[in-house]
Amino acid sequence: MNEKSLIPEKFLKPYNPGSTESRIYEMWEKSGYFNPDKLPLRQQKGEPFSIVLPPPNVTGTLHMGHAAMLAIEDIMIRYKRMQGFKTLWLPGTDHAAIATQSKVEKEIEKKEGKRRHDLGREEFLKRVDTFAQESHDTIVNQVRKMGASIDWSREAFTLDEKRSLAVRTAFKTMHDLGLIYRGSKVINWDPKGQTTISDDEIVYETRKAKLYTFKYSKDIPITISTTRPETKLGDTAIAVHPDDVRYQQYIGKEYDVVFAGESIHIRVIADTAVEPEFGTGALGVTPAHSAIDWDMAQRHDLPLKQVIDEFTKMTAGNESIKGKKVGEARTAVVEWLKSEGLLEKEEDIEQNVATAERTGAVIEPLPKLQWFIAVNKKFTLPYSNIRGLPSGSETTLKEIMLKAVKSEETNPDGSIEIIPERFERVYFNWINNLRDWCISRQIWYGHRIPVWYKKEKTVNSKQKTEEAEIYVGTEAPTGEGWEQDSDTLDTWFSSGLWTFSTLGWPEKTIDLKTFHPTSVLETGYDIIFFWVARMILMTGCLVGEVPFKTVYLHGLVRDGKGKKMSKSLGNIIDPLDMIEKYGADATRLSLIIGTGPGNDSKLSEDKVKGYKNFGNKIWNITRFILSSAAGERYGLTSVEKIAYDPQFKDWTSAESTYLKQLNDLITEITKEMEEYKFYLVGEKLYQYVWAELADKILEESKPILNGDDAEARTARVQFLLHALNTVLRALHPFMPYVTEEIWQEMNTGKSMLIVEEWPKN
RNA sequence: GGGCGAUUAGCUCAGUUGGUAGAGCAAUCCAUUUACACUGGAAAGGUCACAGGUUCGAGUCCUGUAUCGCCCACCA
């Protein structure tokens with residue numbers, strides 16, 4: 001081939017993703033086709049199809065898991081757009097409250113040696129905002145590089161003005177329904193982060209611990225076991241199983257003793273929560289420092305006695321205990337037990353220790369006055385579209401969550417389908433164990449709780465809340481002396497509103513009417529509880545709808561050896577690196593092929609490289625076909641160029657066979673697209689293009705294209721053009737850049753593949 | 001303690017309602033400028049974790065076992 005070539009010059013060189021991708025993305029953006037309101041008429045009139053992007057945290061940069069998420073969602077969106085749906089893919093980012101705050105706190109401490117309290121709330125929040133803005137810009141750039149056909153004009157942030165109004169409205173509405181309440185109970189306290197956290201933000205770590213078996217006093221006949229002797233200063237009861245014959249005679253008895261310098265009053269109670277087989281079968285009840293004991297205390301009306309403060313220091317006990325950290329106090333209590341001759345046994349055991357997900361600190365259960373969402377409380381659902389829950393019916397948030405999701409066995413009428421199905425059971429199991437959700441956090445970054453107090457806020461949990469005048473509303477109350485609650489909301493409170501807060505709620509917008517419920521929620525299986533369940537709860541309660549019809553869960557992207565990618569292992573593959581080296585198309589394909597929904601996938605650089613070669617293969621196939629159509633193939637450059645004729649019918653028997661094979665493939669993959677089996681579609685198209693079209697059909701065509709039979713040549717060229725045209729359409733959702741680039745060259749810019757039709761037979 | 005998933009070629013994984021085991025990568029041999037070396041062709045490679053069962057027939061269905069991984073609970 002030479003400079004006289006009749007085909008576009010760029011096909012004379014290998015495909016270069018680097019010089020193509022940003023140009024194509026810009027072209028798409030300018031076309032307006034990412035925005036459903038600016039789509040061509042065919043899509044304008046189509047059924048709505050919507051996905052809201054699970055907002056990445058503004059804590060830094062995107063990783064391969066995000067890249068996989070973007071690839072899968074873009075495939076769904078592009079496929080539906082080509083099919084003629086009015087598609088909306090809505091982008092956004094998440095302020096990620098505690099995650100972002102602790103990240104910035106660490107940075108400031110490292111660089112300036114200052115803590116957040118040294119800077120003050122206002123200055124600290126300014127710093128966080130700056131950091132969040134930078135992260136946001138990085139993330140947006142990465143999303144673009146992946147080729148995401150997402151509607152930037154509707155971009156949202158969980159902490160922006162509109163979302164803030166949504167949060168305040170949600171809080172007020174749920175408060176008025178009686179679902180949000182303020183109460184004092186044992187919560188998970190993160191002493192390092194100095195905040196409460198929810199049950200889901202706890203990570204259990206297996207550690208070695210000592211189990212101590214002892215008596216409180218010689219005056220109490222029952223022996224108990226614990227790994228935390230220091231908390232026993234706060235005990236108010238001994239619990240045994242009601243059927244335990246060993247302790248029948250003691251049930252109901254009360255004792256007053258002095259334990260390590262602290263006067264304690266112990267009542268013996270019977271509760272079925274006690275496991276008679278474990279230890280001595282008797283358990284010391286510490287209502288203030290154990291959630292389970294707190295529950296037990298509620299059942300038996302036991303008093304609460306706090307002996308540990310927010311800084312994990314003892315507030316009771318003798319002089320070697322009081323004021324000490326719990327670790328030291330534990331040793332001191334054990335010493336005291338020994339000196340009194342009360343310690344009977346000391347054994348090594350493995351224990352699961354609750355730690356805070358973000359800070360790694362050991363959780364200290366403490367009684368505190370916090371805001372909660374009641375999941376089991378009955379209320380009247382004002383409006384509902386959810387199957388099995390008519391408007392005005394009496395229900396609970398738990399029931400909303402149970403009714404919304406489909407389950408073959410227990411709830412066949414549920415409208416939300418989870419893919420893969422096996423996660424349905426995981427979901428239901430979690431809901432059945434669900435307790436009230438603690439939503440207040442003692443951190444600064446986030447949505448401030450929309451509650452104002454007239455008098456001084458109650459600090460001590462023992463004081464009664466009625467002392468302060470309380471106002472709950474979307475705006476600050478008028479008049480003097482009101483002070484807003486200093487706490488912020490759990491980040492998942494605002495994330496829970498995501499499908500509708502992004503569409504304009506609480507306003508009754510056209511977007512909300514058109515695109516809600518959203519079609520698909522595509523996210524990682526690791527946040528099914530954090531997010532998926534909370535969205536169903538919030539949406540059901542506030543909008544009376546399900547937030548989405550289908551939940552598609554993807555797995556974790558691991559390294560080539562199946563290990564979790566992490567900084568400490570140094571095995572992180574950066575999506576931007578891969579895009580730069582091999583292109584976004586190759587990166588996308590490598591994240592799709594070889595992994596089904598809900599399964600973890602393995603990614604190696606070789607895999608990405610392989611799919612880069614595939615992009616070039618398509619490029620070369622195009623070169624071959626275009627030069628054949630131009631007459632170059634058979635050395636007759638003066639022959640009239642053959643233009644693609646979609647109506648062409650004069651096939652030979654070979655071409656009819658090829659056509660049938662291609663049509664069958666299209667039927668198959670269209671079915672698989674509907675079943676969300678993208679990995680199969682990607683693989684089948686790869687297989688067809690390389691092994692069939694290139695290696696067999698093209699090779700077999702060479703003698704015909706070089707032969708004398710003009711009719712045969714025309715038929716063959718028509719088939720090749722048809723096959724290429726079809727394959728480009730089918731591959732577009734997977735490899736949008738290279739397919740669009742070829743399409744532009746073939747159609748001289750007269751149409752855009754992004755809005756062309758998905759192939760039909 | 002409860003639940004879920006995986007186990008198929010050296011590696012990564014497909015295998016649709018049961019009907020002669022499939023692909024990519026790697027390795028082997030051949031081809032050397034071919035639309036494409038980001039290449040083509042050929043051959044090789046498997047007791048489908050194990051043990052039973054159902055069946056004319058099981059990678060696929062049933063029961064059990066083992067190993068690995070994950071999730072939930074948190075027994076003090």
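All figures in this text were calculated on a predicted structure; none of them were measured in a lab. The chains referred to below are lettered A, B, ... by the order of the sequence lines, with proteins before strands, and numbering in each begins at 1.
Using a cutoff of 4.0 Å between basic side-chain nitrogens and carboxylate oxygens, A:K210 and A:E347 are not scored as salt-bridged.
For A:Y679, whose side chain is taken as the heavy atoms from C-beta onward, the closest listed nucleotide among B:A35, B:C38, B:G15 is B:G15. Taking the side chain of A:L698 as heavy atoms from C-beta on, and the options B:A35, B:A23, B:C38, the nearest nucleotide is B:A35. Here B:C75 is the nucleotide among B:C36, B:C75, B:C72 with the atom lying nearest to any side-chain atom of A:F278. Taking only side-chain atoms of A:P14, from C-beta outward, the nucleotide of B:A23, B:C38, B:C36 with the closest atom is B:C38. For A:L283, counting side-chain heavy atoms from C-beta on, the closest listed nucleotide (B:C71, B:C70, B:A76) is B:A76. With B:G5, B:A23, B:A35 as the candidates, the nucleotide lying closest to the side chain of A:R422 is B:G5.
Between B:C50 and B:A42, the distance separating the two P atoms is 32 Å to the nearest Å. When the C1' atom is used for both B:C75 and B:A58, the distance is 44 Å, rounded to whole Å. Taking the C1' atoms as reference points, B:U32 lies 28 Å from B:A23, given to the whole Å. For the C1' atoms, the distance from B:U12 to B:U17 is 28 Å, rounded to whole Å. B:A73 and B:A49: their P atoms are spaced 33 Å apart (whole Å). Look at the P atom in both B:G10 and B:U47: the space between them is 8 Å, to the nearest Å. Taking atom C1' on both nucleotides, B:U67 is separated from B:C30 by 43 Å, rounded to a whole Å. For B:A6 and B:G59, the C1' atoms lie 14 Å apart once the distance is rounded to whole Å.
Counting to the nearest Å, the P atom of B:C25 and the OH atom of A:Y611 are 8 Å from each other. One can place CG of A:N433 at 13 Å from P of B:G3, the figure rounded to the nearest angstrom. With rounding to whole Å, A:N599 atom CG is found 11 Å from B:G5 atom P. Regarding A:D295, its CG atom lies at a distance of 14 Å from the P atom of B:A73, rounded to whole Å. In this structure, CG of A:L680 is placed 12 Å from C1' of B:G22, rounded to the nearest angstrom. The CG atom of A:D200 sits 13 Å away from the P atom of B:C71 (whole-angstrom rounding). When the P atom of B:A76 is taken as reference, atom CG of A:D271 falls 17 Å away, rounded to whole Å. Between A:R330 atom CZ and B:A76 atom P there is a gap of 12 Å when expressed in whole angstrom units.
Residue A:N352 is classed as a base contact, given a heavy-atom separation below 4.0 Å to a base. Nucleic acid contact for A:D695: sugar-phosphate only, since backbone atoms but no base atoms lie under 4.0 Å from a heavy atom of the residue. If you check every strand for non-hydrogen atoms under 4.0 Å, A:E275 touches a base. Among the protein residues, A:I292 comes within range of the sugar-phosphate backbone only, with heavy atoms under 4.0 Å from sugar or phosphate atoms but none that close to a base. When heavy atoms are screened at a 4.0 angstrom cut-off, A:Y204 is found touching base atoms of the nucleic acid. Across all strands, A:E699 comes closer than 4.0 Å to base atoms (heavy-atom distances). No engagement by A:L626 is indicated, since no non-hydrogen atom pair under 4.0 Å with the nucleic acid exists. Counting non-hydrogen atoms under 4.0 angstrom, A:F11 reaches nothing in the nucleic acid. Within the nucleic acid shown, A:A354 has no heavy atom closer than 4.0 Å to any nucleic acid atom. Note on A:T227: only backbone sugar-phosphate atoms sit closer than 4.0 angstrom, heavy atoms only; bases stay farther off. If you check every strand for non-hydrogen atoms under 4.0 Å, A:K602 touches sugar and phosphate atoms only.
Outside the 6.0 Å centre-distance limit, the rings of A:Y582 and A:Y611 are not counted as a close aromatic pair.
Across all strands shown, B:C72 is found opposite B:G1 as a Watson-Crick or G-U wobble partner, with both distances under 3.5 Å. Pairing for B:U17 is absent, judged as Watson-Crick or G-U wobble with the two contacts each under 3.5 Å. The nucleotide B:U60 finds no pairing partner, because no Watson-Crick or G-U wobble arrangement with both distances shorter than 3.5 Å includes it. Partner assigned to B:A26 is none, using Watson-Crick or G-U wobble distances below 3.5 angstrom. The base-pairing partner of B:U55, taking Watson-Crick or G-U wobble contacts with both distances under 3.5 Å, does not exist among the strands shown. With a cut-off of 3.5 Å on both pairing distances, the Watson-Crick or G-U wobble partner of B:A6 is B:U67. Within the shown strands, nothing qualifies as a pairing partner of B:U47 under the Watson-Crick or G-U definition with both distances less than 3.5 Å.
Between A:M746 and A:L728, some side-chain heavy-atom pair lies under the 4.5 Å cut-off. When side chains are defined from C-beta on, A:R267 does not count as touching A:Y255, because their heavy atoms never get closer than 4.5 Å.
Annotation: of the two residues near RNA chain B, A:D199 and A:E350, the 5′-most nearest-nucleotide partner is A:D199.
Side-chain contact of A:T410 with A:S407: a donor-acceptor pair under 3.5 Å is present, judged by distance alone.
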Item to complete: May I have the step-by-step check of salt bridge (Lys or Arg N to Asp or Glu O under 4.0 Å) for A:K684 and A:E672, ending in yes or no?
Response: CA-CA 10 Å; A:K684 280 183 183 172; A:E672 284 160 357; 2.7 Å; yes

Item to complete: Would you please test A:V426 and A:F529 for side chain to side chain contact (heavy atoms under 4.5 Å, CB included) and show each step?
Response: CA-CA 9 Å; A:V426 179; A:F529 309 133; 3.5 Å; yes

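When the side-chain nitrogen and oxygen atoms of A:K702 are compared with OP1 and OP2 of B:C36, none of them lie within a distance under 4.0 Å. For A:W690, a side-chain nitrogen or oxygen approaches OP1 or OP2 of B:G40 to under 4.0 Å. Not one side-chain nitrogen or oxygen of A:K609 sits closer than 4.0 Å to the OP1 or OP2 atom of B:C38. Look at A:R425 and you'll find a side-chain N or O under 4.0 angstrom from OP1 or OP2 of B:C4.
In the displayed structure, A:E9 atom CD is contacted under 6.0 Å by at most 12 heavy atoms of other residues, nucleotides or ligands.
Classified by interplanar angle (parallel below 30°, tilted 30° to 60°, perpendicular above 60°), the ring pair A:Y216/A:F259 is perpendicular.
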